[in-house]
Amino acid sequence: MREFAIQPGEAPTFRDAVRKLRNYILTHDIRSVLLGLSGGADSVLALRLLAETAKDIPGFRLAAAHANFQLRAEESMRDENFVRELAFSMSDVEFFFERFDTLGYAREHKLSIEMAARELRHSWWDRLCREADIRLIATGHNADDNEETLLLNLLRGSSPRGLRGMSPLGDRIFRPLLGLSRKDILRLLEDAPDKSSPLFMTDSTNLHSDYRRNFLRNEILPQLRSRWEGLDSALQNSIELQEEASALTEYAVAEFIRNHNVDDLNEIAYKDIHLFPAPLTLIFSWLSPRGISTAKAREIADHIPDLNRSDNPTAGRHWTLDDGSRIVTTDSSLRLEPINSELCIANQSNGNVNDLHHATSEWKILAPSKEIFEKIRVASADEVYLPHPPSCYEWRRPKKGDRILLFPTKGGRRKSKLVSDVMREAAVPFARRQFINLLINKESGEIVWIPGIRRGGTDLIDEKCHKIFYLNLHK
């Protein structure tokens, strides 16, 4: 069962919601959040809850980012001015503002307006998080949004993974309102202390049914609710069951791969594929981290030869995946030809950092300087700065119960977290977790780095370091 900051079906007061959110943040060791703040009801409630919660958590950092996409003329400026008024009244929250030429960006990159706004927004958020050293991006997604996502993915022919909706926490995104309906959100805004007037802004484009999500929200779901009493509870139950089914599928695929000695997920023999009771599911789960549609997975599955026939398809057929890697048919197997760094990292198994030249850029030795320390402060999980030379480190695969030390709090407290939880929150599929290599300090045995996912709170750089050793994923 998924754990939400506020559980679906609850009807807490604003003060109760703050208490539940505080417990969730402390339990999951959330220390810094950048909230995407549009000025709508969802994001404004998220801001008010997080700001009130931050008062009770020493060292907790909250920032808010408002993007003006300049798509709705006066209405866009109205929303920005509303958020600026909020910023003026909330001195404990750091606010960021940006205006984008969304139409120009869409034309230049040949994107839809919706996709252009998404790219601009996420690129800006990522940059702000790096520069301000913020770990998570918070959004105002709610339970109704999750039901719409379920239906949209169902209509796209999605896999069970797509039918499980959004997660409250994962892949650097925190959704504190995911257990609340839109009705709950409006009620809590009315109950909030120090509320502004007006409470929030309304985006008029949400009232139009031009986009598919708006069509579902404004026309289809209201009709379904009028015919099916308890529709929302039923959809929420389906989301939870699909999440458990997806987790079970990933576990079954991982166990199958482990028991059949599949070599680092790079190749699966046709005879092994036929042994699995759901070949299409096996292929989709195997390749989903590389980016594959259910339609392409079915096309590959249909090409698997029948071992009892002599007129099987010949070798040499290939399919390109979203990350640029390829699936190629041989006489006896499906073979993955990787071209990106994550898979090269995963394939490295000899435990020698110096042999990673094919997977990472070369180690660099840097002299301490103000500029280097600033880069270290805003470094992403794709790079690591270390105080010791490469000979002090080795690679190994995850073990059950592995924990990674987190960065110390301002009070000097040190906490650790299960590596399995870190990978789950980073949305690493269960079937791939056993193949992600960890950088280990040979002497202490502590986990220093999970490449591309998290830097550990050990082997840190300080002013005593005369040399700094740098390693990054080769993009």
Side-chain angles (χ1 to χ4, degrees), residues 3-25 28 30 32-57 60-67 78-97 121 125 134 136-149 165-169 173-207 213 217 232 236:
E3 181 187 3
F4 293 82
I6 305 169
Q7 291 298 324
E10 293 183 339
T13 63
F14 184 88
R15 184 53 54 190
D16 287 338
V18 169
R19 177 176 54 81
K20 291 174 182 294
L21 180 57
R22 178 182 182 275
N23 291 339
Y24 188 91
I25 286 174
H28 292 82
I30 299 172
S32 56
V33 167
L34 174 72
L35 171 67
L37 181 61
S38 67
D42 304 337
S43 62
V44 170
L45 178 63
L47 173 68
R48 295 200 174 279
L49 288 174
L50 287 167
E52 198 67 25
T53 302
K55 296 177 182 178
D56 300 327
I57 304 178
F60 183 82
R61 292 182 57 208
L62 173 62
H66 177 78
R78 179 208 65 182
D79 292 354
E80 179 182 324
N81 291 334
F82 171 77
V83 175
R84 289 188 181 276
E85 287 293 326
L86 282 179
F88 182 76
S89 66
M90 304 178 77
S91 58
D92 293 337
V93 181
E94 186 175 6
F95 282 78
F96 299 95
F97 294 86
R121 177 172 65 246
W125 287 350
I134 293 176
L136 290 176
I137 296 168
T139 69
H141 290 121
N142 58 51
D144 292 35
D145 292 323
N146 222 10
E147 293 171 18
E148 294 158 11
T149 298
M166 296 176 282
S167 297
L169 183 63
I173 300 294
F174 177 32
R175 301 179 177 95
L177 309 185
L178 201 59
L180 294 171
S181 69
R182 288 198 178 94
K183 289 182 179 179
D184 293 331
I185 287 169
L186 295 177
R187 181 179 52 78
L188 285 174
L189 276 173
E190 290 284 356
D191 190 42
D194 303 323
K195 50 182 175 283
S196 58
S197 180
L199 297 177
F200 59 89
M201 293 290 104
T202 299
D203 183 345
S204 62
T205 62
N206 288 336
L207 305 177
R213 183 178 290 273
R217 177 183 302 168
D232 296 291
Q236 292 296 331

Side chains of [X] and [Y] in contact at under 4.5 Å (non-hydrogen atoms):
X	Y	answer
T53	L62	no
L136	L169	yes
T149	R213	yes

Using a strict 4.0 Å threshold on nitrogen-to-oxygen distance, state whether K183 and D144 make a salt bridge.
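No.
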Short N-O contact, E52 and R22, less than 4.0 angstrom:
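No, E52 and R22 are not salt-bridged.
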For the residue pair [X] and [Y], what are the closest heavy atoms and their distance?
X	Y	result
G179	A143	C-CB, 4.2 Å
V33	A138	CG1-CB, 3.3 Å
Y24	P168	OH-CB, 3.8 Å
A41	I185	O-CG2, 3.8 Å
L21	P176	CD1-CB, 3.9 Å
I6	P12	CG2-CG, 3.9 Å

Can you measure from [atom1] ([X]) to [atom2] ([Y]) and round to the nearest 0.5 angstrom?
X	Y	atom1	atom2	result
L180	N146	CG	CG	12.0 Å
I25	L50	CD1	CG	5.5 Å
I137	L34	CD1	CG	6.0 Å
E147	M166	CD	CE	10.0 Å
L35	T139	CG	OG1	8.0 Å
E80	S38	CD	OG	13.0 Å

Start with the C-alpha gap between R48 and L86, add the side-chain angles, then the distance that decides, and say whether side-chain contact (heavy atoms from CB on, under 4.5 Å) holds.
CA-CA 10 Å; R48 295 200 174 279; L86 282 179; 3.4 Å; yes
Could you tell me whether the side chain of [X] and the main chain of [Y] form a donor-acceptor pair under 3.5 Å?
X	Y	value
H66	L37	yes
N142	L177	no
R175	S167	yes
E148	R217	no
D191	F14	yes

Yes or no on side-chain contact (heavy atoms from CB on, under 4.5 Å) for Q7 and K20, after CA distance, side-chain angles and deciding distance?
CA-CA 9 Å; Q7 291 298 324; K20 291 174 182 294; over 6 Å; no
With side-chain contact (heavy atoms from CB on, under 4.5 Å) as the test, would you mind laying out the steps for I57 and I30 before giving the verdict?
CA-CA 10 Å; I57 304 178; I30 299 172; over 6 Å; no
Side chains of D184 and S181: donor-acceptor distance under 3.5 Å anywhere?
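Present: a donor and an acceptor within the cut-off.
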Taking the cut-offs as 6.0 angstrom to the six-membered ring centre and 45 degrees off its axis, would you call R84 and F97 a cation-pi pair?
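Relative to the ring axis of F97, which defines the angle, R84 lies inside both limits.
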